[in-house]
There are 2 protein chains.
Amino acid sequence: MAGLDFVMDGESAVDADAPVSRAERRDLQIQRVMDAAKKCFVRSGFQGASMHQICAEAGMSPGALYRYFPSKEAMIAAITEADRRNDAEIFTAMFENPDVVDGFVTAAMAHVRHMHESGNAPLFAEIRAESMRNEAIDRTCAMAMSEVQQAFGKYLQDAVDRGDIAPAVELDAFMPMVIAIGEGLAINDLPAQGVTFESIEKLMRVTVEAMLRPRRKT
Amino acid sequence: MAGLDFVMDGESAVDADAPVSRAERRDLQIQRVMDAAKKCFVRSGFQGASMHQICAEAGMSPGALYRYFPSKEAMIAAITEADRRNDAEIFTAMFENPDVVDGFVTAAMAHVRHMHESGNAPLFAEIRAESMRNEAIDRTCAMAMSEVQQAFGKYLQDAVDRGDIAPAVELDAFMPMVIAIGEGLAINDLPAQGVTFESIEKLMRVTVEAMLRPRRKT
DNA sequence: TCGCTTTATGCGAACGATCATTCTCGGTCA
DNA sequence: TGACCGAGAATGATCGTTCGCATAAAGCGA
């Protein structure tokens, strides 16, 4: 009788599917829904993707899906936050590089690479468009990015204080402009247009160098 | 009985609405619909804005509106093309400036200014997001911009040939990158974030100068 | 370990609302 | 008179969401 306990059987073969607690399984299901939702949002946009499509992609019924997310808006918020937080993490590596220009260029290139490989550019464009009219999404973005922005500001200010760099404009103006430029690169997925990573990095280095250590006069 | 004809009453006051031919009136109505649609698309996005909302904004019934546009998709295409063409025109002034750096910076600043004043940034973001998943919209964008891009390429090539500039990377890579950066600036509406036009122009000039006339070595 | 209750999970039909679009018909011009 | 225009109800489809019900798992006193 005890031999029929399939839970024990599963454990002896692979521990990939069997020995999961209630809470673990729940997290797994949430992840499953989010993966499906992300795929649908990339394909059709937030408003364009229907809950039925997301259900089909997740292999789940509407009744089941709504056990994990109370509404479509909550799903959009969750996807947005996860995506923004993921992007933000890439930049944290920058703060350990003592050379500001090199640190920034390296981090930005990692971001470009990640955007290209993950195919998340359409999702990012969608998030950006949505955040301009949906204040809740805008706040979600701001929250997820605020830590990196603060760290970035401090990173730059330290470099200014020690005389390593002398930005062409005040940091208050510099930060938003760099972020804007970065977003442009993120949305456009240049490698997909045939631009080599080498070209991107070269031009980015020249640009950042000029912004942070401008020539005396013109 | 004739005194009840309010159309004739209007003529006696101002000639702004009365003496129009059938075709002229049709163009006027089309413009009215497009203005309303643009407003709704800015507010709610392409998918989020309903035809009923657009009808209400235009002060028109669905039956009337569908006399001028066969479908919502056609309206999206029309709005997209008009917006892209409008943006493209701003850049044509650049090609008459013999100084490439100054020409580009001046045109780009005009674009930033226009984006800020017209409040079209959300519409642009929406267009950009939509063009990544809707091939028809993508083609509409490409068509509207192709002339300016070609002219821009020629403008730069001429400057290269006469030794005025020496871009940090090949023009084939330079063009998409500059466009990407420009889109980032367009979406972010920096003046709305408190960044002054002076700061934007200064950093832009430093950047463009560095991209087109890079320092010898690093 | 056994039965019993409680809770969590999943399905899929069904809901009312809203969607883009069409139809019908009366009015207005050339 | 005939082509065009406009209103607004109506259409079928699809939307996000809910409901009822069945099953599986966890909790628990004995």
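Because the structure is a prediction, the values reported are computed rather than measured. Note: hydrogens, waters and symmetry copies are ignored here, and every other heavy atom, side chains too, is used. Chain identifiers are assigned alphabetically (A, B, ...) following the order of the sequence lines, protein sequences preceding nucleic acid strands; residue numbering begins at 1 within each chain.
- In terms of phosphate contacts, R25(A) brings a side-chain nitrogen or oxygen within less than 4.0 Å of OP1 or OP2 of dG10(C).
- In this structure, the CD1 atom of I30(A) is 14 Å from the P atom of dA8(C), given to the nearest Å.
- To the nearest 0.5 Å, atoms CD1 (I30(A)) and CG (D35(A)) are separated by 12.0 Å.
- Straight-line distance from the CD atom of Q47(B) to the P atom of dC15(D): 11 Å, rounded to whole Å.
- Checking dC15(D), dG6(D), dG16(D) against every side-chain atom of Q53(A), the shortest atom distance belongs to dC15(D).
- Side-chain atoms of R67(A) lie closest to dG10(C) of the nucleotides dC5(D), dT17(D), dG10(C).
- Between the CZ atom of R22(A) and the C1' atom of dA8(C) there is a distance of 4 Å, given to the nearest Å.
- F197(B) and H116(B) have perpendicular rings, their planes meeting at more than 60° on a 0 to 90° scale where under 30° would count as parallel.
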| task | Take D138(A) and R133(A) through the salt bridge (Lys or Arg N to Asp or Glu O under 4.0 Å) test and state the conclusion after the steps. | result | CA-CA 8 Å; D138(A) 193 42; R133(A) 55 182 113 93; over 6 Å; no

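- Rounded to the nearest 0.5 Å, atoms CE (M115(B)) and CG (N188(B)) are 11.5 Å apart.
- Here the side chain of P62(A) is nearest to one of dG12(C), dG16(D), dA9(D), namely dG12(C).
- To the nearest angstrom, P of dA13(C) lies 18 Å from CE of M51(A).
- Near DNA chain D, meaning a heavy atom under 4.0 Å away, there are no residues from residues 31-46 of chain B.
- Residue K72(B) contributes atom NZ, which lies 17 Å from atom C1' of dT22(C) at whole-angstrom precision.
- Phosphate contact (OP1/OP2 of dG10(C), side-chain N/O of Q29(A), threshold under 4.0 Å): present.
- Ranking dT21(C), dG16(D), dA13(C) by closeness to the S50(A) side chain, first place goes to dG16(D).
- To the nearest 0.5 Å, atoms OG1 (T140(A)) and CD1 (I79(A)) are separated by 12.5 Å.
- Counting to the nearest Å, the P atom of dC5(D) and the CG atom of D27(B) are 11 Å from each other.
- Considering only side-chain N and O atoms, R26(A) lies under 4.0 angstrom from the phosphate OP1 or OP2 of dT9(C).
- As judged by a 4.0 angstrom heavy-atom cut-off over every strand, A49(B) is placed among residues touching the sugar-phosphate backbone only.
- Atom CE in M60(B) sits about 14 Å away from atom C1' in dC4(D), given to the nearest Å.
- Counting only heavy atoms from C-beta on, H52(A) has its side chain closest to dG16(D) among dG12(C), dG16(D), dT21(C).
- Checking the phosphate oxygens (OP1, OP2) of dA8(C), no side-chain nitrogen or oxygen of Y68(A) falls inside 4.0 Å.
- Distance check: R85(B) CZ to C141(B) SG gives 11.5 Å after rounding to the nearest 0.5 Å.
- For the atom pair SG of C40(B) and NE2 of H52(B), the computed distance is 12.5 Å after rounding to the nearest 0.5 Å.
- Per the geometry, OH belonging to Y66(A) stands 13 Å off P belonging to dC19(D), to the nearest Å.
- For F104(B) and F152(B), the ring centers sit closer than 6.0 Å to each other.
- A residue-by-residue look at A64(B) and G48(A) shows that A64(B) has its nearest nucleotide of DNA chain D further toward the 5' end.
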